[in-house]
Each structure stands twice: as structure tokens, then as C-alpha cells.
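Single-structure report; data block below.
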Amino acid sequence: MPTSSASTTDSARSATGGVQSLERAFDLLERMADAGGEVGLSELSASSGLPLPTIHRLMRTLVACGYVRQQPNRRYALGPRLIRLGESASRLLGTWARPHLARLVEETGETANMALLDGDEIVYVAQVPSKHSMRMFTEVGRRVLPHSTGVGKALLADFPADEVRALLGRTGMPAATEKTITTPDGFIAALEEVRRQGYAIDDNEQEIGVRCLAVSVPNSPTAAAISISGPAGRVTEAATDRMVPLLQQVAAELSEALLTSNGNGNPAA
């Protein structure tokens with residue numbers, strides 16, 4: 001039986017054993033996201049190294065499926081069907097993180113959180129509360145601006161300064177408390193401190209009487225951070241020295257779990 005052209009080109013298996021057309025399609029979606037969600041075909045060709053006819057064929061398929069839409073200016077933008085996938089993935093990410101957060105609560109006694117950077121905002125996707133009667137509580141799904149949170153600092157610490165300034169320009173820097181950082185220069189300096197010490201602190205900046213310690217999850221499929229939060233009287237400087245190494249260890253373990261398993265400890269297929 002003759003072999004179709006589709007099976008020898010776009011449907012051919014890649015060097016990694018996957019289907020080449022799928023790998024290329026997902027690569028294009030990620031490049032679109034990196035570019036801000038809207039690109040032209042020539043930009044995708046330049047960044048991916050793929051020929052224009054191949055990109056055009058893949059984009060037609062993505063448009064037909066609703067994952068990409070063509071704008072009136074002929075450029076391509078990420079489509080609305082991706083929203084449902086992203087929301088479902090975020091919920092699962094929180095589910096997979098819960099055992100790791102539970103370990104933080106068990107060993108520190110304080111509330112543990114996981115948050116993602118979604119556009120210009122921080123969204124909390126998982127929490128395991130402290131067993132103390134006086135404890136911190138953040139509703140899963142809550143959205144906050146990054147400049148007043150430990151997780152926001154942890155997530156933005158590795159971003160180029162010009163991108164951080166652009167984000168702050170879009171969101172503004174309203175003061176949640178009198179200790180909130182409210183200037184771009186002050187926030188950029190705080191991010192330099194995060195990079196220097198390897199963790200971020202929210203010291204009464206989101207809520208008076210509350211301190212939060214946060215680290216990013218290295219090599220996470222999406223920008224993610226985990227944190228410990230509690231009353232300032234318990235999350236002291238001395239407690240910080242004890243909690244931060246554990247926080248960093250759990251972040252590394254969570255990263256490995258996300259990259260090498262399907263979320264329940266079994267090897268990824």
C-alpha cells in the first residue's frame with residue numbers, strides 16, 4: 001500500500017519517538033505564548049526555523065480546532081479553547097502539589113501555598129492550612145498583584161528588569177499596607193535581594209502581622225512558586241533560617257515530580 005505524504009512528513013515520528021507534527025504544533029503554541037500571545041507567520045518561521053508552508057499548514061489545523069485564531073490583521077493569536085485546558089491543568093497542578101505542601105505544614109507548622117503567574121497576576125492554585133488556631137488562609141483561585149507578595153517576588157526574580165517594569169506599569173503598585181513596595185526601583189532592588197539570598201520574603205507587605213517565605217519551583221512547566229505563611233510572631237528571623245532550606249528542598253522535589261511523573265508518583269507515559 002502506498003504511504004501517504006502525511007505519514008512521511010508531518011506524521012513522521014521524531015527523534016524522540018513522538019509524532020513530529022504534534023511536537024511542532026505545541027512548540028508553535030509555546031512560542032506564541034512567549035511572544036505575548038499574538039505573532040505573524042514570518043516571526044514564527046524565524047524563531048522556530050520551520051519553513052513557512054509547514055507553519056501555515058499547522059496553524060490552519062490549530063485554527064480549525066479553536067486553539068489559535070486568525071486576527072483581522074492576518075496575525076495569529078492564542079485561541080479561547082486553550083483557556084479550558086489551562087484551567088483544568090492548573091487545578092491538577094494544585095492537586096499534585098498538595099502532598100508536598102502537606103509536608104511543609106507538617107514540618108513547619110505553618111500554612112503552605114502554591115501560586116502561578118497568570119498574565120500579570122498571581123493566582124493561588126493550592127493550599128494546605130496550618131493546624132494552629134491562628135493561621136493564614138488564602139482562598140484557592142484568589143488573584144493578587146505580584147508586587148506585594150512573596151510568591152510574586154519569587155516568580156519575577158528571574159525575569160529581565162525591563163519586563164518587570166512593563167508589568168508593574170500595567171498593574172500599578174497600590175499599597176496593601178504601609179510596608180508594601182510601591183516604586184518600580186524598590187521592587188527591582190527587592191528582586192535582586194531574592195536572587196542573592198535564594199528566597200523571597202513578604203514582611204507585612206500584603207497584610208500586617210503576616211510574614212511569608214517563598215521560592216520558585218525550578219524548571220516548572222509553568223512559572224510556579226511555593227510559600228510558607230504565618231503570623232510574624234512565629235515566622236521570625238530565627239524560624240526563617242530553619243524553614244527556607246526545607247522550602248527549597250520541597251520545591252526541588254516538586255519540580256522533579258512534575259517533570260518525571262504523571263502526578264501520582266508513577267512514571268510518565
Side-chain angles (χ1 to χ4, degrees), residues 30-39 43 47 75 77-78 86 90 93 111-127 136 138-230 232 235-237 240 243-244 247-248 251 255:
E30 291 193 4
R31 290 179 187 277
M32 292 178 71
D34 290 342
E38 181 179 316
V39 296
E43 295 170 58
S47 65
R75 290 166 65 83
L78 296 177
S90 293
L93 189 61
T111 295
N113 312 279
M114 182 177 191
L116 307 180
L117 183 63
D118 183 22
D120 291 343
E121 297 177 316
I122 300 299
V123 57
Y124 289 91
V125 297
Q127 181 180 85
M136 301 305 102
T138 298
E139 183 180 1
V140 171
R142 181 188 179 198
R143 291 175 175 271
V144 297
L145 298 182
H147 71 283
S148 61
T149 65
V151 286
K153 293 175 187 174
L155 285 167
L156 293 177
D158 291 328
F159 278 53
D162 59 342
E163 291 186 20
V164 175
R165 290 182 185 275
L167 182 152
L168 297 175
R170 293 189 297 269
T171 63
M173 302 183 70
T177 75
E178 66 269 22
K179 297 197 70 175
T180 305
I181 300 171
T182 57
T183 66
D185 286 345
F187 191 70
I188 294 295
L191 297 186
E192 292 175 356
E193 182 68 7
V194 173
R195 291 191 292 273
R196 184 190 66 79
Q197 63 189 9
Y199 65 95
I201 300 178
D202 159 14
D203 188 2
N204 294 269
E205 296 163 52
Q206 178 68 27
E207 184 177 348
I208 290 296
V210 177
R211 292 186 88 237
C212 174
L213 310 172
V215 300
S216 62
V217 179
N219 303 312
S220 174
T222 188
I226 58 174
S227 67
I228 295 166
S229 57
V235 186
T236 60
E237 292 292 340
T240 297
M243 292 177 176
V244 166
L247 195 58
Q248 292 168 330
S255 172

Side-chain donor/acceptor pairs under 3.5 Å, residues 214-224, sequence neighbours excluded:
unit_1 : atom_1 : unit_2 : atom_2 : d
Ser220 : OG     : Thr222 : N      : 3.4
Ser220 : OG     : Thr222 : O      : 2.5

Task: Worked check of side chain to side chain contact (heavy atoms under 4.5 Å, CB included) between Tyr124 and Val151 - done: CA-CA 9 Å; Tyr124 289 91; Val151 286; 3.7 Å; yes
Open item on the list: Using the rule given for side chain to side chain contact (heavy atoms under 4.5 Å, CB included), can you reason through Thr149 versus Glu205, listing the C-alpha separation, both sets of side-chain angles and the distance that settles it, and then say yes or no?
Closed with: CA-CA 7 Å; Thr149 65; Glu205 296 163 52; over 6 Å; no
- [ ] Given side chain to side chain contact (heavy atoms under 4.5 Å, CB included), test Val210 with Asn204 step by step and report yes or no.
- [x] CA-CA 5 Å; Val210 177; Asn204 294 269; 5.8 Å; no
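Between the side chains of Asn113 and Ser227, a donor-acceptor pair is found at a separation under 3.5 Å. In this structure, a donor-acceptor pair under 3.5 Å is present between the side chains of Gln206 and Ser148.
To the nearest 0.5 Å, atoms CG (Asp202) and OG1 (Thr180) are separated by 8.0 Å. To the nearest 0.5 Å, atoms CG (Leu247) and CD1 (Ile228) are separated by 4.5 Å. Here the straight-line distance linking atom CG of Asp203 with atom OG1 of Thr240 works out to 9.0 Å at 0.5 Å rounding. To the nearest 0.5 Å, the span separating CD1 on Ile208 from OG1 on Thr177 amounts to 4.0 Å. Atom CZ in Arg143 sits 9.5 Å away from atom CG in Leu116 (nearest 0.5 Å). One distance of note links CD of Gln127 with OG of Ser229; it measures 6.5 Å at 0.5 Å rounding.
Here the closest non-hydrogen pair linking Pro146 and Leu167 is CG-CD2, 3.7 Å. For Ile181 against Phe187, the heavy-atom pair with the smallest separation is CG2-N, 3.4 Å. The two residues Ala157 and Val194 have their closest heavy-atom pair at CB-CG1, 3.7 Å. Nearest heavy-atom pair across Gln197 and Gln248 is O-NE2, 4.4 Å. Met243 and Val235 get closest at one heavy-atom pair: SD-CG1, 4.4 Å. Nearest heavy atoms, Leu156 versus Val164: O-CG2, 3.9 Å.
A salt bridge links Arg75 to Glu43: at least one charged side-chain nitrogen sits closer than 4.0 Å to a carboxylate oxygen. With salt bridges taken as basic N to acidic carboxylate O contacts below 4.0 Å, none links Glu121 and Arg170.
A donor-acceptor contact shorter than 3.5 Å is absent between the side chain of His147 and the backbone of Gly152.
A salt bridge (Lys or Arg N to Asp or Glu O under 4.0 Å) check over residues 155-169, counting only residues at least two apart or in different chains, returns the pairs Arg165-Asp185.
Proximity of Ile122 to Leu117: side-chain heavy atoms (C-beta onward) are separated by under 4.5 Å at one or more points.
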